[in-house]
Amino acid sequence: MREKIAIGTAAAAAALLANNLYQMFMVLPDEALQGAIYRILFFHAPAALVGMIGYFVALTFSILYLSSKNFLHDSLAASVVEVSLVFSVVNLVTGSIWARVIWGIWWTWDARLTSALVCVLIFFGYLVMRRAIEEPTQRARLSSALCIFGCVDVVIVYKSIDWFRTQHPGPVLDFRTGGGKMDPAMAHIFWLNFLAILLVAVALVLVRTRQESTAREIDSLRRLAHTAA
Amino acid sequence: MTSAIELAGVWKFYGDYAAVRDVTLNVEEGSCCALLGRNGAGKTTLLRILAGLSSFERGSAQLFGVSPRQAHAGFLGHGIGVYEDLSARENLHFFARVAEVAQPESIAAEWLERVGLANASDMLVRQFSRGMRQRLALARTFLHTPKILLLDEPFTSLDDRAIAMLSELLVESRRRGATIILSTHQLREAMVIASHVALIENGRLRHAGERTEAMLDDPGLLYRLHA
Amino acid sequence: MTSAIELAGVWKFYGDYAAVRDVTLNVEEGSCCALLGRNGAGKTTLLRILAGLSSFERGSAQLFGVSPRQAHAGFLGHGIGVYEDLSARENLHFFARVAEVAQPESIAAEWLERVGLANASDMLVRQFSRGMRQRLALARTFLHTPKILLLDEPFTSLDDRAIAMLSELLVESRRRGATIILSTHQLREAMVIASHVALIENGRLRHAGERTEAMLDDPGLLYRLHA
Amino acid sequence: MKTIRHALLIARKDLALELRTKESLNAAGAFAIVILVLFSFAFEETEQIKEIGGGLLWLVFAFAGALIFNRSFARELPNDCLDTLLASPLSPASLVTGKALANFVMLLAMELISIVIFGIFFNVNWTRHIGELSLVFALGTWGISILGAVFGALTVNLRLRELMLPIIIYPLLVPLLIAAIELTKLLLSNQSMTPNDFLWTKLLIVFDVVFTALAMLLADTILVN
Amino acid sequence: MKTIRHALLIARKDLALELRTKESLNAAGAFAIVILVLFSFAFEETEQIKEIGGGLLWLVFAFAGALIFNRSFARELPNDCLDTLLASPLSPASLVTGKALANFVMLLAMELISIVIFGIFFNVNWTRHIGELSLVFALGTWGISILGAVFGALTVNLRLRELMLPIIIYPLLVPLLIAAIELTKLLLSNQSMTPNDFLWTKLLIVFDVVFTALAMLLADTILVN
Ligand code: HEM
Ligand SMILES: Nc1ncnc2c1ncn2[C@@H]1O[C@H](COP(=O)(O)OP(=O)(O)OP(=O)(O)O)[C@@H](O)[C@H]1O
Ligand SMILES: Nc1ncnc2c1ncn2[C@@H]1O[C@H](COP(=O)(O)OP(=O)(O)OP(=O)(O)O)[C@@H](O)[C@H]1O
Ligand SMILES: [Mg+2]
Ligand SMILES: [Mg+2]
């Protein structure tokens, strides 16, 4: 059943992406100031948003694990972090490329960029630590705690453009500015592509969770064997 | 009789190895239960569960109706739980304060006297012999007159006098109503002190009941019965 | 009879406390000497001197005519001397190589079998129970069939079977000519195994001689004689 | 109240142990001195140094901190003292707070020595805004200390503990370090504060409060099996 | 011969203890990234960074080294393993050498990862003089490692611990670090060597030889009570 949901989500994501790509390159005109390169926005910002949403989902699962001690929540948290990390890296890389074109540099240490990088480092550390702990309960317990601490930084990433004057542009998306900063046609494609990327992320999480729970089933079967003996 | 300690269907897994298997055990208030079992049977694991130091997967554990973490039993483990770089007196002061004892200084001095370390009270623990450490650890455990005592091989490294001293401490603790579980391989000493015995084998409880006269005469009896 | 171990007028000071006072002791080759004494008497200090781990101020110590540092006796101290994060097998491999044993792998496997850890040989020591550690430490000590064995409370935490196993190991070692000194508070076991006994009190040697029949019947005899 | 009393108990015990053995103070102190000496060689121009002085100092503190925090819970491992404390009426939250307090005092001592040496070597007068500077140091150091205590507890049983601790705490510390660096730079170069700089102070305070609160909440989870 | 065999034995054991899994490489990599990022935060302009790259790298190595060396003999303390080794036919000199070897391997792995990351972050091409650079790294790292091993031995020894020797040992590293920094700077900036620079190389070699010899000679004194 879960497999079918995963396949379904992946298929929907692929269809939506194809449509979006067509719209982006064939329908929308070049932007006035930036030319063709602005289209990277359609991947850059959604990747960042999906990543950040993911960390909060992982936060939720971590808290759930701590209250329920249900390992399913732990493996969900871990797979969500893994997938979010991928999208955060996509955000960094696309941002870097964009920066190279628009600003002429790959990187600068402004608040948004710095905090985004730190966020990647924190959750990379999360994965490294998980791998270093063998005992399942200990791993779940400690990584849940780390996830909660890490999410504080996600807030900083999100708010950094409000708090500091940065090289990185300030808020433009409607839900933060109250609307009006983005062309409606662009905003439409933007949100469609956000949805597509979100679906990709969900599909990836489903696959990862399935792997994790299979591993857990094998584990508990082995326990059962011992119990019988 | 009320049960001071109640274990019901407790399982504890390390990875996929079950170190404690479906253990159900009630220890009456005021009794002294000797927990016996061969190396690796699961005695330490069980005592750590009762001290709230180890989680377990299934079943329930209660001490006087509350969870082990809230019961604050007096616990003496394989590691003796005193600081190497503090003196004996400093150690006892510290643990007396942690346990919120009324007059930490005088209580500490009294216990140093009782366990025979009065002369060595200002030496650092790292300068102690093995037996002196164990005595200090005993003082640390009994200091705040806990209602439940969990002692893992408390006789280790004690000389004849210290064994007598510990036996006396245990008798006195029972007299004031404390409940005791102690694990040990020194069957002879255990049988003399215990009112009850429990035998654990490969994580399973094989026997639990009163200590009989026959066991007193032949400490190895229980092992042979369940061979 | 030749003396395997010769101590002459040895004094050991910790600061200004004399932990060993003018000890003169000869242990014959092939004998098994039980070193008795109350907590803090100086047993561990004496054994550490013989193992070359502790310097001393006056007197001389020789094992087979050479200094303790060159004699490389098999030493088992209070700390058990195995690595927590290596498996039992890896520990024995390592120590077999350190001792330059001919076939480390097969010797290690053989000893794991002997001390009853064959099933647990790939577990890390940190997952062992206290008694399993002690068994591993015994294997580590006996592994390279040393000519002199210095055992500090080797019975600690061993169950009845392991005590029997150790007794057998000791008998076998003596049969191949090894000389043994062991300290212990388990007088009964000690008397059965020992051919000689030595009593140390406050750092002074109070008694040294053969183990008599009377001691076998009444293990506490020696202490009472020198009370 | 009880938590605070217990925390002070732990902190006092840790400081007594540390003063007796000097395990981490020696290592951290020596290390701080070496870094400062090396840097005075690496930058021959003192002008440069003044500019990056703030960064340099906080980097040294962060590094010395790692050496101190690695020991803070490791000190409870011999003889299973940690187990004894966990079985006692002491709450995990007070244990973590106590460790943080001890870390705080040790790190602050280290910082005092470092800044004196820094002032001498690089010819910087740091006494002009000593009040504000103390505040910045105190706020920054508390943040480092509480995180060091929490993650010292979290990593105490891990292999490669020494590397794991910096991997985890440094990224979390970055916002705090940046704020502290900016403020220190400002105060060392004798400029007056602008509204933007108050933002940094606010960030420091928020950081301290948030992480202290999280530490209290999660102490149980982290320490109890 | 025997000393070398024994030293290898010890080194292999130590590496096995610490690096059971390939996760340890992950950890080392993460550590290097985090530290380098921390540095770039502290010193914002990348231009500056390029100039001080050599100093930066060796500072990271010294810090990682401090973390590694603190463990090297401390690893022998639980269960009194050190006693067991000292009572065995193993000589103290081989013990110190073995520890130094293990330190050397761990530190070198860290350095390799660090320089790769450094190259990417700061856009420095370090492959041009890779032969000479390897030599400098090897010489410098051996010096740090052998001193680190001696330092580790000193700190576990109860008799010597209070003597504040660590504070002396660390500054001893300064000449070596300066030499390594100068040479690295040179090689990274793609200049050719002048006779003056050979002096640095010679200093490195002399340092290594002298300290290794001293370590061998003093191993007994340091380790045996
Ligand atoms: C969580 C992280 C991030 C989010 C949510 C985010 C979001 C956005 C958004 C919404 C825009 C469009 C602004 C506009 O069109 O006016 C944008 C532009 C941009 N972002 Fe990001 N971004 C993030 C991180 C990064 C990073 C890490 C980099 C660089 C490595 C970066 C580089 C850029 C560049 C170069 C632009 C275009 C700038 C310009 O038009 O002048 N961003 N970002
Ligand atoms: N951390 C761990 N990981 C895996 N297995 C463990 C761990 N701790 C204990 N065990 C296993 O659990 C079993 C019970 O151990 P426990 O320490 O409770 O035994 P014990 O009855 O106290 O033995 P002893 O008399 O030797 O002290 C042993 O087989 C041991 O190998
Ligand atoms: N490092 C030290 N510094 C000062 N005194 C010490 C030191 N080590 C041991 N002592 C003292 O030396 C005396 C003898 O200690 P030792 O460990 O040899 O006793 P023991 O006979 O082995 O006792 P136990 O049966 O308790 O193991 C004790 O009084 C002890 O306090
Ligand atoms: Mg046990
Ligand atoms: Mg002793």
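So you know, we letter chains A, B, ... as the sequences are listed, proteins then strands, and number each from 1. For clarity, every value in this text was computed on a predicted model and none was experimentally measured.
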**Report entry** D/K2 atom NZ: more than 12 heavy-atom contacts under 6.0 Å
**Finding:** no
Query raised in the report: Taking atom types as modelled, is there a side-chain donor on A/R141 or A/Q138 under 3.5 Å from an acceptor on the other?
Result: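 The criterion, which ignores hydrogens and geometry beyond distance, is not satisfied for A/Q138 and A/R141.
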Query raised in the report: Cut-off 3.5 Å, side chains only: do D/S94 and D/T97 have a donor facing an acceptor?
Result: no
Given heavy-atom pairs under 4.5 angstrom as the criterion, report whether the side chain, backbone, both or neither of [X] touches chain A.
X: D/F211; result: both
X: D/I167; result: side chain
X: D/L214; result: both
X: D/L172; result: both
X: D/L154; result: both
X: D/V224; result: backbone
X: D/L147; result: side chain
X: D/L223; result: backbone

Query raised in the report: Who among A/T137, A/I156, A/L142 has the most heavy-atom pairs with chain D under 4.5 Å?
Result: A/L142
**Report entry** Contact leader toward chain D among A/I122, A/T114, A/V118, where contacts are heavy-atom pairs under 4.5 Å
**Finding:** A/I122
**Report entry** Interface moiety of A/I148 toward chain D, non-hydrogen atoms closer than 4.5 Å
**Finding:** both
Query raised in the report: Below 4.5 Å, heavy atoms only, C-beta onward: do A/F87 and A/L49 meet side chain to side chain?
Result: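 A/F87 does not reach A/L49 side chain to side chain.
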Query raised in the report: Are any non-hydrogen side-chain atoms of D/P175 and A/D153 less than 4.5 angstrom apart?
Result: yes
Report task. State whether D/K13 and D/E76 are salt-bridged, where the test is any N-O pair (Lys NZ or Arg NE/NH1/NH2 against Asp/Glu carboxylate O) under 4.0 Å. Result -> yes
Query raised in the report: Would D/E18 and D/R75 pass as an ion pair if we require N to O under 4.0 Å?
Result: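 D/R75 and D/E18: salt-bridged.
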Requested in this report: Please check if the side chain of A/N193 supplies one atom and the backbone of A/F42 the other of a donor-acceptor pair under 3.5 Å.
Outcome: yes
